[in-house]
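Every chain is numbered from 1, with letters handed out A, B, ... down the list of sequences.
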There are 2 protein chains.
Amino acid sequence: MKRTRFDDWPCGIARTADLVGDWWTPLVLRQAFFGVRRFDDFATSLGIPRASLTARLDRLVEEGVFERVPYAESPARYEYHLTPKGEAFLDVLLAMWRWGEDWLNPADNPIPVQLVDSESGEMVRPKVVDETTGRPIEPARLGLAPVIPGRRDQ
Amino acid sequence: MKRTRFDDWPCGIARTADLVGDWWTPLVLRQAFFGVRRFDDFATSLGIPRASLTARLDRLVEEGVFERVPYAESPARYEYHLTPKGEAFLDVLLAMWRWGEDWLNPADNPIPVQLVDSESGEMVRPKVVDETTGRPIEPARLGLAPVIPGRRDQ
DNA sequence: GATCGAGAGTTCAACTAGTGAACTTAGCTG
DNA sequence: CAGCTAAGTTCACTAGTTGAACTCTCGATC
């Protein structure tokens, strides 16, 4: 699409959007968290076009989100395993999940998919807090620092 | 692009990806959190093509993320204000910000943009926890329920 | 030995969203 | 009247997306 790139903007949101800011990448990563590792399993479980999947996986391997791990020699076969960087992305998916469940739940959705703790069986409700204080983050008190005046790529 | 739609998939991640799963929408919303309200201010502060901005704002108004509020009568002028639904999206942006700062920080980035609490002046470090227990969410213990076997649109 | 199927892609044409620049509309200002 | 501002719209061009078909390499089967 000749899309604008954000990967060197000095803002984590912009750089994250550059990498996962398309419709399929978050879902590919979601599948990875639920145990999908192989090309065909990604393709058939999501219905993503194979060419699109190839492009996504290549970029994610290049960025160190997935590691390409051989599991068969002849013919050579590879699995896509989440790296620590990839596993850390769970927080973003959880935030997306929570917002989607809270605010985009269609009225006629009969069976919402829920997150559970597999040991306790309890529902998991992801929430973003400040790591140091443990308190919710209030939009009104939030500021950017340093702000660079007139700079457009913030 | 004739893109696949996820807006009725029974998963919050998929529905969220359908709405904000493009490169510009997260940045438009980021600007809104930092006080931008008017068309030209979005356009010039981000460098987003005006046609793309129109499409994004229209969709976000339609979905109830922004409210179109008049601020002048002749000629009619409108501002885009975040609704409660839009404000709740801050959690997703914070998770993206945190991941981008932790894992996508280019080595040669001289001035990373930081989040601060404007009252205390302290750095804010967003972290996703389980709302009920207050504890971090462990990927290994996370499960989907109910899982619908063989269903591709989860 | 030929055929079949699995797995992991590649190739291709058609479609359509993203992009940048120019244009439009309406009122306001000097 | 000329110039300016704000909020879009229009248009040609470009490039990512899609679905279907094809490729390639094996191992297993008839």
Which whole-number value in Å describes the distance from [X] [atom1] to [N] [atom2]?
X: D41(B); N: dT5(D); atom1: CG; atom2: P; result: 13 Å
X: R38(B); N: dA7(D); atom1: CZ; atom2: P; result: 6 Å
X: F39(B); N: dT5(D); atom1: CZ; atom2: C1'; result: 14 Å
X: Y78(A); N: dG9(C); atom1: OH; atom2: C1'; result: 13 Å
X: R37(B); N: dA6(D); atom1: CZ; atom2: P; result: 16 Å
X: F6(B); N: dT18(D); atom1: CZ; atom2: C1'; result: 12 Å
X: D22(A); N: dG16(D); atom1: CG; atom2: C1'; result: 10 Å
X: R3(B); N: dG16(D); atom1: CZ; atom2: C1'; result: 13 Å

Contact pattern, 5' to 3', of nucleotides 20-30 of chain C - B, S or - by protein heavy atom under 4.0 Å: B-B----SS--
With sequence neighbours excluded, residues passing salt bridge (Lys or Arg N to Asp or Glu O under 4.0 Å) with [X]:
X: E73(A); value: none
X: D40(B); value: R50(B)
X: R5(A); value: D18(A)
X: D41(A); value: none

Residue pairs passing the salt bridge (Lys or Arg N to Asp or Glu O under 4.0 Å) test where at least one lies in residues 76-89 of chain B, sequence neighbours excluded: R38(B)-E79(B)
Any W23(A) side-chain nitrogen or oxygen under 4.0 Å from OP1 or OP2 of dG16(D): no
Presence of Y80(A) side-chain N/O under 4.0 Å of dG7(C) phosphate oxygens OP1/OP2: no
Remaining members of hydrophobic cluster (4.5 Å side-chain criterion), V129(B):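 For the cluster that includes V129(B), the remaining residues are V129(A).
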Sugar-phosphate only, base, or nothing, as touched by Y71(A) at under 4.0 Å among non-hydrogen atoms: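 It contacts sugar-phosphate atoms only.
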Selection: residues 52-69 of chain B, any non-hydrogen atom under 4.0 Å of DNA chain D: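 Correct list: T54(B), R68(B).
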Verdict with reasoning, T83(B) to E67(B), per side chain to side chain donor-acceptor pair (under 3.5 Å): CA-CA 6 Å; T83(B) 62; E67(B) 190 187 4; over 6 Å; no
For D130(A), side chain to side chain donor-acceptor pair (under 3.5 Å) partners two or more places apart: T132(A)
Carboxylate-amine/guanidinium contact R56(B) D22(B), below 4.0 Å: yes
